[in-house]
Engineer: 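Before I ask anything, let me first share the structure, which is written out below as structure tokens.
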Amino acid sequence: MSQFQFVMRSGPTPGVTFPLEGDQLVIGRDASNDIPINDAEISRKHSRLSFQGGKYVIEDLGSTNGTFVNGQRLAGQVVLKPGDVVSLGEQIVLMYDMINLDPGATIASPRAARMVAPPVQRQPVVQPVAQPVQTPTPAYSSAPVKKTNMVPIFIGGGVLLFLCICIGFFVWVDATYRWCTFFPFISGCG
């Protein structure tokens, strides 16, 4: 025996599990829906799930932002398979999953009870979200290394060196009184 569920992968409450129990389930922003998802991207009555032949079939109910299965926008009914990704608009992503139950276990069938009793509003079951595993960053990186243009640095260094040599020369000439030796055209020399 199998039970089906949606697990929210992205949206207002990632990690929340929605057990699918019933023959007709409506997904939408309105709190009266079987699967209420309070998000502005979701229409009040967004999508409907129907249990047919042991499988759930999903259809869009004319929502503004659309219902998608594995990236394809729904234009009609689609039979869901375990592992299918159901997107409501662009931000809400649900993973359709199947849980296999022990056939020997005693289980109260919610489908049978639902046919007799009036529908009861369910609250989503919150399960802890697994923390992602931190992997160490390798010492090397495959990202391309940005090269620095060294030409302006060499030119600047050369100009600075030239200025230092000139200043040093003039300081030496002045300190050793050799103005007339190097610059005979200066008035007072000769």
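Remember, it's a predicted structure, so these values are computed and weren't measured experimentally. Hydrogens, waters and symmetry mates play no part in the numbers below; they use all other heavy atoms, side chains included.
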Engineer: Can you measure from CZ (Phe4) to CD1 (Ile99) and round to the nearest 0.5 angstrom?
Structural biologist: 10.0 Å

Engineer: Can a donor-acceptor pair be found, under 3.5 Å and without considering hydrogens, that links the side chain of His46 to the backbone of Gly66?
Structural biologist: yes

Engineer: Do Ile35 and Met98 belong together in a cluster built from hydrophobic side chains that touch within less than 4.5 Å?
Structural biologist: yes

Engineer: Going only through I, L, V, M, F, W and Y residues with side-chain contacts under 4.5 Å, is there a path from Val57 to Leu25?
Structural biologist: no

Engineer: Would you indicate whether the side-chain heavy atoms of Ile27 and Leu49 approach each other to under 4.5 Å?
Structural biologist: yes

Engineer: Can you tell me how far apart CG (Asp39) and CG (Leu88) are? Round to the nearest 0.5 Å.
Structural biologist: 9.5 Å

Engineer: Taking the side chain as C-beta and beyond, is there a heavy-atom pair between Met95 and Val85 under 4.5 Å?
Structural biologist: yes

Engineer: Checking side-chain polar atoms at under 3.5 Å, does Asp30 have a donor or acceptor matched by the opposite partner on Ser32?
Structural biologist: yes

Engineer: Hydrophobic clusters here meaning ILVMFWY residues chained together by side-chain heavy-atom distances under 4.5 Å, can you tell me if Phe169 and Phe185 are in one?
Structural biologist: yes

Engineer: Between the side chains of Gln5 and Thr17, is a donor N or O closer than 3.5 angstrom to an acceptor N or O?
Structural biologist: no

Engineer: Any non-hydrogen side-chain atom of Val86 less than 4.5 Å from a side-chain atom of Leu80?
Structural biologist: yes

Engineer: Taking side chain as C-beta onward, heavy atoms only, is Pro19 less than 4.5 Å from Gln3?
Structural biologist: yes

Engineer: Taking the inter-plane angle between the rings of Tyr56 and Tyr96 on a 0 to 90° scale, is it parallel (under 30°), tilted (30 to 60°) or perpendicular (over 60°)?
Structural biologist: perpendicular

Engineer: Are the side chain of Glu41 and the backbone of Glu90 linked by a donor-acceptor contact shorter than 3.5 Å?
Structural biologist: yes

Engineer: Between Arg29 and Ala40, what is the shortest heavy-atom contact and its length?
Structural biologist: NH1-O, 4.0 Å

Engineer: If you measure from CZ on Phe68 to OG on Ser47, what distance do you get to the nearest 0.5 Å?
Structural biologist: 10.5 Å

Engineer: Answer yes or no: is there a donor N or O on one side and an acceptor on the other, between the side chain of Asp60 and the main chain of Thr67, under 3.5 Å?
Structural biologist: yes

Engineer: Are the side chains of Val78 and Gln72 in contact, using a 4.5 Å heavy-atom criterion?
Structural biologist: no

Engineer: If hydrophobic clusters are built by linking Ile, Leu, Val, Met, Phe, Trp and Tyr wherever their side-chain heavy atoms come under 4.5 Å apart, do Val7 and Ile92 end up in the same one?
Structural biologist: no

Engineer: How long is the gap from OG on Ser87 to CZ on Arg9, to the nearest 0.5 Å?
Structural biologist: 12.0 Å

Engineer: Does Asn33 reach the main-chain N or O of Arg44 with its side chain, forming a donor-acceptor pair under 3.5 Å?
Structural biologist: yes

Engineer: Looking at Gln91, is its backbone amide N or carbonyl O close enough to the side chain of Ser10 to form a donor-acceptor pair, meaning the two atoms are under 3.5 Å apart?
Structural biologist: yes

Engineer: Determine yes or no for a side-chain-to-main-chain donor-acceptor pair under 3.5 angstrom, with Asn70 supplying the side chain and Asp84 the backbone.
Structural biologist: no

Engineer: Rounded at 0.5 Å granularity, tell me how far CG in Leu160 sits from CD1 in Ile165.
Structural biologist: 10.0 Å

Engineer: Within the distance-only criterion (no hydrogens, no angle test), does the side chain of Arg48 pair as donor or acceptor with the backbone N or O of Val26 below 3.5 angstrom?
Structural biologist: no

Engineer: Rounded at 0.5 Å granularity, tell me how far CG in Asn65 sits from CD1 in Ile42.
Structural biologist: 7.5 Å

Engineer: Do the non-hydrogen side-chain atoms of Lys81 and Lys55 ever get within less than 4.5 Å of each other?
Structural biologist: no

Engineer: Please tell me if the side chains of Gln77 and Ile58 come closer than 4.5 Å, counting only heavy atoms from C-beta onward.
Structural biologist: no

Engineer: So do Asn38 and Pro12 actually touch side chain to side chain, heavy atoms under 4.5 Å?
Structural biologist: no

